[in-house]
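First comes the structure, then the notes that go with it.
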Amino acid sequence: MTDPTNGRTDGRRSGTPRRRRLARTAIGLTAVLVLSVAGAGAWFYHRLDTNISTFDPGGVATSRPPAPVPVTPGARLPVNVLVLGSDTREGGNDALGGGDIGVGHSDTAILLHVYADHKHAVGVSIPRDTLVTIPSCKLQNGTWTTPRTNQMFNEAFTVGEFPNGNPACTQNTVEALTGLRIDHTIVVDFRGVAAMTEAINGVDICVPNDVNSHDIHLRKGPQKISGQPAVDFLRARYGFGDNSDIGRMKRQQAFLSSMIKKVQGQGFSLPTLLPLADAATRSLTVDEGLGTAMKLVDFAQSLQNIKLADITFVTTPWRFAGDRVALVHPDVDTLWALLRQDRTLDGRATGQGDPATTPAGPATSADAVPTGAAPSGPTGPAATGAAPADGTTAATAPVASPAATVTVTAPIVVVNGTKTAGLAGRAADTLRARGYQDVTLDATGGGRLTTDITYPAAQRAGVEQLAALFPGARLVAESGADSVVITLGRDYEPAAVSPSGGPSPSSTIPSTIPTGIADNARTADTDPCANLTFG
């Protein structure tokens with residue numbers, strides 16, 4: 001039958017061109033929308049990039065703990081992030097913090113250790129009044145200070161009186177204190193706290209009692225806060241719990257736990273992260289490794305598989321020393337050793353994570369010693385064991401078990417480059433237990449942070465095998481050398497030797513969690529209304 005409207009014999013065929021036109025139109029509209037969103041995304045990323053401030057990498061010390069090396073090519077590595085809360089009044093922060101405009105202190109400091117599996121993390125709070133040694137730090141005129149002992153931790157941030165503080169000096173202090181290499185440093189000011197809490201529509205907290213003190217007015221029990229009240233809640237000491245800075249830190253840990261829970265609940269998608277990033281970047285100062293919006297978002301998304309129950313907050317083992325705080329040994333030493341070995345607080349190893357998207361290349365001397373101006377003090381090139389100037393190459397020791405066959409034929413000299421008595425002897429015992437017999441000692445002490453192994457170039461294969469007993473050590477081939485020299489740094493963790501001759505777990509790792517760690521820890525999924533003695 002003929003269609004009376006157009007003379008065609010098949011009305012369905014007559015509609016085909018129209019459907020194709022509609023399909024093409026839909027595809028075209030979709031393409032326009034995609035391009036528009038992509039364009040808006042590019043514009044938004046550019047806007048975020050212009051928000052971000054970075055600090056001078058030349059202020060980071062050249063003598064640093066070693067960078068970790070993957071067990072297998074492409075395996076993920078642990079990441080250490082230093083998060084600092086600045087109380088500076090610069091840049092409009094006086095409106096939120098009150099007080100005089102001037103250089104601030106780092107009154108909040110949390111060292112976040114993300115384990116190699118990227119499924120566990122621990123945040124270590126360092127009390128602001130902790131007495132530490134502040135190492136050599138760079139001043140505004142380019143010179144370097146001499147180390148200062150018995151200083152309050154938060155004073156490091158003020159060295160040089162930079163308008164926005166000295167994050168590099170605080171990073172140097174934490175690296176010297178812990179033996180951990182800091183991968184990233186992030187500084188958040190009052191405006192950042194207020195903006196981020198508003199961007200996620202508030203953070204759930206719990207208050208142990210009604211508070212009406214120093215312009216802070218909160219009712220007892222659970223509630224949600226953001227903006228100025230959030231800043232006040234995090235800063236206040238009086239009216240809460242024991243009125244101490246230790247109590248304030250524990251309150252900050254509970255607050256961060258609730259904030260993480262809120263972000264995880266909203267998801268790690270770009271629509272969630274970008275508004276948060278916009279709020280944060282306007283008041284963040286970061287290292288150059290996080291100096292773009294894309295890097296910040298990528299880093300945030302790399303944490304999305306960490307469950308609340310697998311995030312632990314802990315305050316460094318501490319005691320009062322007059323009106324200051326002293327670290328408790330050996331508990332704090334155990335804490336740093338656990339993190340250096342990428343172990344959880346109960347001593348368990350999480351294991352290396354799945355291979356990363358981009359396989360990591362072999363570490364080199366550039367990984368161990370970053371570029372930047374070298375200080376003239378004890379953190380300068382002479383103290384680092386920097387790469388030789390004769391064209392020889394340097395690499396970093398892998399973390400692996402050495403083969404049973406000993407292939408080093410040159411004599412081995414073990415040098416104690418630290419002030420830890422007996423360290424060279426224990427390293428020599430470990431070597432002899434693995435079959436290395438021509439081992440002698442040099443008990444020279446010092447303040448070396450990292451371990452170096454120099455060797456004759458012809459011994460490279462055997463030295464790479466030996467170096468597995470010294471994870472993270474830097475390997476340097478020297479022309480004309482006739483012996484292998486192992487210079488131990490503070491990063492070296494001597495292993496106890498088992499009766500079978502193989503290394504057993506490090507003697508620094510206890511079978512139970514030390515009281516100083518256990519009593520100061522809480523997981524991120526803890527009920528915010530539980531254990532509120534800290535307020």
Side-chain angles (χ1 to χ4, degrees), residues 42-62 64-65 67 79-93 102-112 114 135-144 154 156-175 180-196 199 273-274 276-303 366-367 369-375 379:
W43 168 83
F44 198 76
Y45 272 109
H46 175 71
R47 168 179 163 180
L48 297 184
D49 287 343
T50 59
N51 287 346
I52 300 173
S53 298
T54 60
F55 61 86
D56 178 15
V60 176
T62 55
R64 303 183 63 192
V79 179
N80 295 308
V81 183
L82 179 60
V83 182
L84 303 174
S86 169
D87 69 355
T88 180
R89 269 62 170 182
E90 293 280 351
N93 281 286
V103 176
H105 295 74
S106 56
D107 277 357
T108 301
I110 295 178
L111 172 57
L112 177 67
V114 180
S136 182
C137 290
K138 189 178 181 181
L139 301 175
Q140 292 192 60
N141 63 7
T143 63
W144 291 73
N154 71 348
F157 197 72
T158 71
V159 171
E161 296 188 351
F162 290 81
N164 292 307
N166 193 340
C169 185
T170 303
Q171 177 176 314
N172 296 343
T173 302
V174 172
E175 289 192 337
L180 288 158
R181 188 183 184 95
I182 304 302
D183 299 290
H184 299 296
T185 294
I186 300 172
V187 183
V188 187
D189 61 22
F190 297 147
R191 292 182 305 142
V193 172
M196 285 188 286
L273 289 177
L274 289 180
L276 181 59
D278 184 37
T281 52
R282 281 175 275 155
S283 50
L284 283 185
T285 301
V286 299
D287 64 281
E288 289 190 338
L290 291 178
T292 68
M294 183 63 77
K295 290 177 181 178
L296 277 171
V297 170
D298 284 348
F299 175 69
Q301 289 181 320
S302 74
L303 308 180
D367 297 313
V369 182
T371 58
T379 56

Subject >> Stepwise side chain to side chain donor-acceptor pair (under 3.5 Å) check, Thr54 with Glu288 >> reply: CA-CA 6 Å; Thr54 60; Glu288 289 190 338; 4.8 Å; no

**OP:** Go through the steps for Ile52 and Leu296 under the test side chain to side chain contact (heavy atoms under 4.5 Å, CB included), then give the verdict.
**Re:** CA-CA 10 Å; Ile52 300 173; Leu296 277 171; 3.6 Å; yes

**OP:** Given side chain to side chain contact (heavy atoms under 4.5 Å, CB included), test Val114 with Leu303 step by step and report yes or no.
**Re:** CA-CA 8 Å; Val114 180; Leu303 308 180; 3.9 Å; yes

Original post:
Are Val188 and Leu84 close enough, and set up right, to give a side chain to side chain contact (heavy atoms under 4.5 Å, CB included), and what steps lead you there?
Top reply: CA-CA 6 Å; Val188 187; Leu84 303 174; over 6 Å; no

Subject >> Derivation and outcome, side chain to side chain contact (heavy atoms under 4.5 Å, CB included), residues Val81 and Ile186 >> reply: CA-CA 7 Å; Val81 183; Ile186 300 172; 4.0 Å; yes

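Residue pairs satisfying the salt bridge (charged side-chain N to carboxylate O under 4.0 Å, His left out) criterion with at least one member in residues 289-302, sequence neighbours excluded, are absent.
Checking side-chain atoms of Glu175 against main-chain N and O of Pro65 turns up no donor-acceptor pair under 3.5 Å. Between the side chain of Asp287 and the backbone N or O of Thr185, at least one donor-acceptor pair lies under 3.5 Å.
Partner of Cys169 under the side-chain contact (heavy atoms from CB on, under 4.5 Å) criterion, out of Leu139, Val159, Val174: Val159 alone.
In this structure, CG on Asp56 lies 4.5 Å from NZ on Lys138, to the nearest 0.5 angstrom. Separating the CZ atom in Phe162 from the CD atom in Gln140 is a distance of 5.0 Å, to the nearest 0.5 Å. To the nearest 0.5 angstrom, Ile110 atom CD1 is 8.5 Å from Leu112 atom CG. From Leu82, atom CG reaches atom NE2 of His184 across 12.0 Å, with rounding to the nearest 0.5 Å.
The minimum heavy-atom distance between Trp144 and Gly58, with the atom names listed, is CZ2-O, 3.4 Å.
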